[in-house]
Q: 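This is the structure, below, for whatever I ask next.
Here is the naming used below: chain letters follow the sequence lines, and residue numbers restart at 1 for every chain.
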Amino acid sequence: MASEAVQSEQRRAKLDELIALGVSPYPVRFDRTDTVSALVARYGETSGPDLEAARPETRAAGRILSMRTFGKANFLALSDGLTRLQVYVRADSMPERDFEIFKRLDLGDTIGVSGRMFRTKTNELTIFASGIEFLAKCLLPLPEKWHGLTDIETRYRQRYLDLIVNPDSRRVFEARAKIVAGIRQFLNARGFLEVETPMMQPIAGGALARPFTTHHNALDLPLYLRIAPELYLKRLTVGGFEKVYEINRNFRNEGISTQHNPEFTMLEFYEAYVDYQHLMTMTEEMLVDVARSVTGGAETTFNGHQISFAAPFRRLSLRHAAAEAASERLGRPVSEADLRNREKAAEVARALHFEVQPSHGAGKIATTIFEGLWEDQLIQPTFVYDFPTEVSPLSKQKPDDPDTVERFEMYAGGFEVANGFSELNDPVEQRRRFEDQLKDRAAGDAEAHQMDEDYVRALEYGLPPTGGEGIGIDRLVMLLTGSPSIRDVILFPLMRPRED
RNA sequence: GGGCCCGUAGCUCAAUUGGCAGAGCAGCAGACUCUUAAUCUGUUGGUUGAAGGUUCGAUUCCUUCCGGGCUCACCA
């Protein structure tokens with residue numbers, strides 16, 4: 001029998017044999033002199049004769065990912081997770097005890113190898129083993145060596161297995177780390193201060209979304225997992241931190257899709273004395289900088305599209321673009337003025353088969369039309385700017401147009417990546433906007449903003465003119481790594497628990 | 001939450017119109033002193049996601065449930 005349970009039994013039996021030989025089954029440490037990656041980096045270009053002359057000694061460790069045995073001459077592939085290196089094992093070149101260990105090894109076991117570097121007859125860089133130490137047992141059979149692990153569900157549920165056998169998966173998460181590091185470097189170099197603000201908040205503000213709820217026992221206090229750090233970061237700008245940012249998790253109790261995970265990572269940054277125009281320029285600089293650090297250039301391939309982060313990004317005025325697309329779709333003229341008129345805008349939306357709720361004003365309807373007609377076509381990085389005030393409770397109005405705010409969203413790959421605006425810093429107007437939100441809330445909109453008295457008070461102390469922006473890190477990583485699902489760029493995406 | 005699709009050995013996949021559940025890898029036993037998905041000989045391994053139903057007979061058809069994928073809605 002060789003079901004999984006039986007194979008596991010067989011592996012355990014080999015471990016018991018090692019114990020009987022006096023081998024420690026789970027030793028505490030192995031003093032390696034080099035990682036496998038370091039050895040390949042150092043000797044990857046060194047010729048066989050040069051290695052024979054130098055005979056460099058090493059102690060390396062890793063997981064066995066393949067074995068080819070020939071009785072007396074044996075080869076195995078040792079991996080440090082990042083790189084593979086061949087090990088040559090022969091009975092007459094190591095203590096008998098070490099060869100007894102070797103004979104009882106399974107694919108997936110972790111070992112330490114001491115020996116010297118050389119090249120085989122086929123010129124492959126190899127450790128000529130003079131000793132083997134057993135370091136950890138793999139009690140379960142690994143996925144197949146050639147096809148790897150392709151089952152999507154298993155890859156997400158058992159990410160460790162995915163990482164062992166699928167190097168491409170590992171590369172995505174290495175790229176993710178580079179992207180985040182690149183963003184920090186970019187902001188730090190410009191004098192931004194990284195801060196941490198509450199994940200648990202008495203009022204879930206800063207965005208329009210349903211929160212997760214929790215409870216603090218000692219204080220008997222209902223709390224929300226934050227949906228955004230925005231209102232806390234702006235309090236810090238009131239406090240005199242003129243350039244702040246935070247890279248951390250947000251939690252939104254909404255649907256799961258290829259572009260949504262209930263917890264996701266967001267960069268938010270705020271800079272005093274700048275407006276949304278400045279933010280757009282800065283975003284172009286940041287993204288091309290980060291793209292270069294990951295892909296080597298400004299280009300990436302996503303869902304079969306070649307995407308370029310080279311500046312300048314396309315710019316579309318929301319109402320203008322919505323009117324233009326609606327005109328084209330309906331075959332009759334629709335003007336921006338029409339989209340500012342509630343009745344006319346609603347009529348256009350219905351003609352386009354978009355849902356219009358009684359509580360929706362002209363601004364919400366114009367935004368719905370825009371998103372419905374444009375969003376999935378915005379493959380190249382595009383700034384959509386000048387949003388209706390109605391859908392932007394925290395943004396500052398344009399000086400000459402109170403129905404429009406200085407706000408933009410950046411789209412790429414067919415979805416929203418960033419959202420930024422000139423911050424509303426008039427406490428009277430902010431209170432009025434919150435009150436509008438409360439009306440929506442009373443009308444049943446669970447995503448409408450709550451009143452935050454302390455935030456209004458902070459504004460009363462005076463927030464300087466400030467620009468602020470959020471960038472969805474997961475989505476940016478999707479674009480820069482060519483990953484079609486957000487679950488491919490989150491190590492442990494949320495899954496429904498499975499009964500084992 | 002709605003619609004469509006998927007679930008067969010540890011892994012990757014087959015199975016004709018409803019007619020004996022199979023292969024490769026891994027495993028096990030053996031051969032082999034430079035292999036590269038090593039090769040060769042032999043061999044183990046299945047509650048076909050679960051429970052019902054139709055049928056002489058179900059991996060196959062039907063129902064329900066479980067898990068997943070895509071998509072729509074919500075949203076970032």
Q: On the ring face of Phe128(A), is Arg116(A) found with NZ or CZ under 6.0 Å from the centre and within 45° of the axis?
A: yes

Q: Determine the contact category for Leu208(A): base if any of its heavy atoms lies under 4.0 Å from a base atom, sugar-phosphate if only primed atoms, P, OP1 or OP2 are that close, otherwise nothing.
A: sugar-phosphate

Q: Rounding to a whole Å, what distance do you find between Met67(A):CE and C32(B):P?
A: 19 Å

Q: Figure out the CZ/C1' separation between Phe251(A) and A76(B), and round it to whole Å.
A: 15 Å

Q: On RNA chain B, compare the nucleotides closest to Glu4(A) and Phe264(A); which residue's is nearer the 5' end?
A: Glu4(A)

Q: Would you please say whether a donor-acceptor pair under 3.5 Å links the side chains of Asp80(A) and Ser37(A)?
A: yes

Q: Base, sugar-phosphate, or nothing: which does Asp474(A) touch, judged by heavy atoms less than 4.0 Å apart?
A: nothing

Q: Which parts of nucleotides 68-73 of chain B does protein reach within less than 4.0 Å, heavy atoms only, written one letter per nucleotide 5' to 3' as B for base, S for sugar-phosphate only and - for none?
A: SSSS--

Q: We want to know whether Tyr88(A) and Gln86(A) form a side-chain donor-acceptor pair, criterion being a heavy-atom distance below 3.5 angstrom.
A: no

Q: Measure from the side-chain heavy atoms of Asp151(A) and tell me the nearest of U12(B), C11(B), U35(B).
A: U12(B)

Q: Using the test salt bridge (charged side-chain N to carboxylate O under 4.0 Å, His left out), find all partners of Glu271(A) that sit at least two apart in sequence or belong to another chain.
A: Lys243(A)

Q: For Phe173(A), does the six-membered ring have the charged nitrogen or CZ of Arg176(A) within the cation-pi criterion, i.e. under 6.0 angstrom from the centroid and within 45° of the normal?
A: no

Q: For the residue pair Phe309(A) and Phe313(A), categorise the inter-ring angle as parallel (less than 30°), tilted (30 to 60°) or perpendicular (more than 60°).
A: perpendicular

Q: Do any side-chain nitrogens or oxygens of Arg68(A) fall under 4.0 Å of OP1 or OP2 in U35(B)?
A: no

Q: Using atom CG of Leu140(A) as one end and atom P of G10(B) as the other, report the distance to the nearest whole Å.
A: 11 Å

Q: Can we say Asp440(A) and Lys364(A) salt-bridge, meaning some charged N sits less than 4.0 Å from an Asp/Glu carboxylate O?
A: no

Q: Remember a base hit wins even if backbone is also touched, and classify Phe118(A) as base, sugar-phosphate or nothing at under 4.0 Å, heavy atoms.
A: base

Q: If you assign Arg11(A) and Leu142(A) each to the RNA chain B nucleotide with the nearest heavy atom, which residue ends up on the more 5' nucleotide?
A: Leu142(A)

Q: Would one find a side-chain N or O of Lys145(A) under 4.0 angstrom from OP1 or OP2 of A26(B)?
A: yes

Q: Which part of the nucleic acid does Asn261(A) contact within heavy-atom distance under 4.0 Å: base, sugar-phosphate only, or nothing?
A: base

Q: Enumerate, in order of first residue number, the stems that involve RNA chain B, defined as 3 or more consecutive Watson-Crick or G-U wobble pairs with both distances under 3.5 Å.
A: B:1-7 with B:66-72, B:10-13 with B:22-25, B:27-31 with B:39-43, B:49-53 with B:61-65

Q: Taking only side-chain nitrogens and oxygens of Lys14(A), does any of them come within less than 4.0 Å of OP1 or OP2 of C28(B)?
A: yes

Q: NA contact type, Gln86(A), heavy-atom cut-off 4.0 Å: base, sugar-phosphate, or nothing?
A: base

Q: Should Arg315(A) and Glu284(A) be marked as a salt bridge (Lys or Arg N to Asp or Glu O under 4.0 Å) after you check the CA-CA gap, both sets of side-chain angles, and the distance that decides it?
A: CA-CA 12 Å; Arg315(A) 282 166 164 75; Glu284(A) 287 170 334; 3.0 Å; yes

Q: Under 4.0 Å, heavy atoms only, any strand: does Gly148(A) hit a base, just the sugar-phosphate, or nothing?
A: sugar-phosphate

Q: Any side-chain N or O of Thr150(A) less than 4.0 Å from the OP1 or OP2 oxygen of U12(B)?
A: yes

Q: Over all strands shown, is Phe415(A) touching base, sugar-phosphate only, or nothing at heavy-atom distances under 4.0 angstrom?
A: nothing

Q: Could you go through Asn248(A) and Met199(A), starting from their C-alpha distance and side-chain angles, then the distance that decides it, and tell me whether this counts as side chain to side chain contact (heavy atoms under 4.5 Å, CB included)?
A: CA-CA 9 Å; Asn248(A) 225 324; Met199(A) 294 277 189; 2.8 Å; yes

